[in-house]
Trainee: 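Have a look at this one.
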Amino acid sequence: MNRRRPTLLAALTLTATAALTLSACGSDDDSPAKGEDKIAGADTGDKASVSQSPSPSQTSAGSRPEITFPSDVKNVFEGGGTGDAKKDAVLKDSSLAVNAVDEAIFKGSTGTKALGYYNTEKALSSSITYVQGYIDDNDTWIGVTRYFNRKVTFSGEDQAYVTYCSDESKSYIKNKETGKVDRSAATADSYVLYNTKLAKNAVGVWQTTDIASNRGDKACQP
């Protein structure tokens, strides 16, 4: 059973209509993959895929914290180059918020610098609870998770909404103590739909402030 990114933030509420205006996505909680949502009908037109297994140089510029991944895991974010500088900045920081949560899982700590740098408010508290679940179970994950059909809308100058799907069909839970990897076959629950809210802080970082997910959502199914 895939428990990577169980319906972690499913109960959080988004206060804007962006969740309705952005493309719907799908999710799966029990598939052998790692994440939470994948948007059905992944936009195969999103050809600009960005593979993000963070390296030290990726986030070390300025005061941004470094994010690093083990060699056996990777997050791939599709559609990062929209041609709109503002939307691209939002998508970049949105992906870094995801990476920050995963890094905390890999390091077995809820006190990593990046976790609270790219996530705040409800999103941070929920992410901490989520990461702690992995720590308590002595679990991590391996493989590749794909994020696709990412859409951005704005509400004013400093608030944005991002919806996206995740495909966890090639990511798997691994127990740190036993080394056992759960490679159960992918199911509808291997795809997750996410609705997120972001706010631009004083130093120009688009922090994720709220997030809701729906595992197995039909919108994200292949």
Trainee: Which pairs pass salt bridge (charged side-chain N to carboxylate O under 4.0 Å, His left out) with one or both residues in residues 108-117, sequence neighbours excluded?
Mentor: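 Every candidate salt bridge (charged side-chain N to carboxylate O under 4.0 Å, His left out) pair involving residues 108-117 fails, so no pair, neighbours aside, qualifies.
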Trainee: Do you see a donor-acceptor pair shorter than 3.5 Å between the side chains of D136 and Q132?
Mentor: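 Present: a donor and an acceptor within the cut-off.
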Trainee: Under the side chain to side chain donor-acceptor pair (under 3.5 Å) test against D93, which residue among R64, Q207, K200 passes?
Mentor: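 With D93 as partner, R64, Q207, K200 yield a single side chain to side chain donor-acceptor pair (under 3.5 Å), made by R64.
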Trainee: In the structure I gave you, are the side-chain heavy atoms of T196 and Y161 within less than 4.5 Å of one another anywhere?
Mentor: no
Trainee: In Å and rounded to the nearest 0.5 Å, what is the CG to OG1 distance from D102 to T140?
Mentor: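 Here the rounded value is 8.5 Å.
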Trainee: Determine whether Y172 and D182 make a side-chain contact, defined as any pair of heavy atoms from C-beta on separated by less than 4.5 Å.
Mentor: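 No, every pair of side-chain atoms sits at 4.5 Å or beyond.
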Trainee: Can you tell me if D84 and T82 form a side-chain donor-acceptor pair at under 3.5 Å?
Mentor: no
Trainee: Parallel, tilted or perpendicular for F106 and W141, by the 30°/60° rule?
Mentor: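 Because their plane-to-plane angle lies in the 30° to 60° range, the rings of F106 and W141 count as tilted.
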Trainee: Could you point out which residue of L124, I105, V131 forms a side-chain contact (heavy atoms from CB on, under 4.5 Å) with T110?
Mentor: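 Filter result, single survivor: V131.
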Trainee: In the structure I gave you, are the side-chain heavy atoms of I67 and Y118 within less than 4.5 Å of one another anywhere?
Mentor: yes
Trainee: Is R150 close enough and on-axis enough to Y164, meaning under 6.0 Å and within 45°, for cation-pi?
Mentor: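 That pair does not qualify as a cation-pi contact.
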Trainee: Do the side chains of R146 and D167 get close enough for a salt bridge, i.e. N-O under 4.0 angstrom?
Mentor: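 Salt bridge present between R146 and D167.
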Trainee: Assess whether atom NZ of K176 is packed by more than 12 heavy atoms of other residues, nucleotides or ligands within 6.0 Å.
Mentor: yes
